[in-house]
Visitor: 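To start, I am sharing the structure in question, which I have written as structure tokens.
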Amino acid sequence: MTEGNDQTEFKNAVKQWLKSRGLDYRWMAERCGVSEITVRNWMSQKNIPTLKQQLIERVMVQLPGSDDFAGQSVPGVSVNASMSLTVQLAPDMYRRLTERAMAVGLTAEALVAQAIADLVKPMPDAAAPEGMKTREVILPPR
């Protein structure tokens, strides 16, 4: 199967998933940290970048159409995700992260990178929505 066919199947699965839950491109765009027009372009003509495709897959598995988690956040933590990930922590939260990292012999950045890598490991086939493929993302060390 060619990559174009993979993308077409994936896009169709995303469209069906959104439609079946009464969600739209704006909802998906907010979860991916991009504009609604970017999602519309992906779904109509452009290829979805690999990392964004993985993010969409995760959204579909972890938030199966429920907006229950929208607006929830962790106090003292701010995340901005697009093609990069920026995490801003309150001073107390950063201190606790640094202490935990030091306790296991890592830097705070390495501990966060490890945690993110654990989050994007392949899902068991049974957990993936029909038509979804899973892949592992390995973050390079700093």
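Here the structure is a predicted model, which means the values were calculated and not measured.
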Visitor: Answer yes or no: is there an ion pair linking Glu36 with Arg40, defined by an N-O contact shorter than 4.0 Å?
Guide: yes

Visitor: Would a 4.5 Å heavy-atom cut-off, applied to side chains only, mark Lys46 and Thr38 as touching?
Guide: no

Visitor: Same cluster or not: are Ile116 and Leu106 linked, directly or through other Ile, Leu, Val, Met, Phe, Trp or Tyr residues, by side-chain heavy atoms under 4.5 angstrom apart?
Guide: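 In one cluster with Ile116: Leu106, yes.
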
Visitor: Measuring from atom CD of Glu99 to atom CZ of Arg95, what distance do you get when rounded to the nearest 0.5 angstrom?
Guide: 4.5 Å

Visitor: Counting only N and O atoms by type, is there a donor-acceptor contact under 3.5 Å from the side chain of Lys11 to the main-chain atoms of Ser44?
Guide: no

Visitor: Determine the minimum heavy-atom distance between Leu18 and Asp24, stating which atoms define it.
Guide: CD2-O, 4.0 Å

Visitor: When you look at CZ of Arg100, are more than 12 heavy atoms from neighbouring residues, nucleotides or ligands closer to it than 6.0 Å?
Guide: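 12 or below, so no.
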
Visitor: If I take atom OG1 from residue Thr107 and atom CG from residue Leu97, how far apart are they, to the nearest 0.5 angstrom?
Guide: 9.0 Å

Visitor: Just verifying a value: how many Å separate Gln53 CD and Arg58 CZ, rounded to the nearest 0.5 Å?
Guide: 12.5 Å

Visitor: Check whether any side-chain heavy atom of Met28 lies under 4.5 Å from a side-chain heavy atom of Trp17, and answer yes or no.
Guide: yes

Visitor: Output, in order, the C-alpha distance, side-chain angles, deciding distance and verdict of side-chain contact (heavy atoms from CB on, under 4.5 Å) for Met43 and Ile48.
Guide: CA-CA 8 Å; Met43 294 299 147; Ile48 303 170; 3.9 Å; yes

Visitor: When rounded to the nearest 0.5 angstrom, what is the spacing between CD in Glu109 and CG in Leu111?
Guide: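 Atom-to-atom, Glu109:CD and Leu111:CG are 10.0 Å apart.
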
Visitor: Which distance, rounded to the nearest 0.5 Å, do you find between the CH2 of Trp42 and the CG of Asn47?
Guide: 11.5 Å

Visitor: Shortest non-hydrogen contact from Cys32 to Leu55?
Guide: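 Heavy-atom minimum between the residues: CA-CD2, 3.5 Å.
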
Visitor: Taking C-beta and beyond as the side chain, do Lys15 and Lys19 meet within less than 4.5 Å on heavy atoms?
Guide: no

Visitor: So how far is it from Met60 CE to Ile56 CD1, rounded to the nearest 0.5 Å?
Guide: 8.5 Å

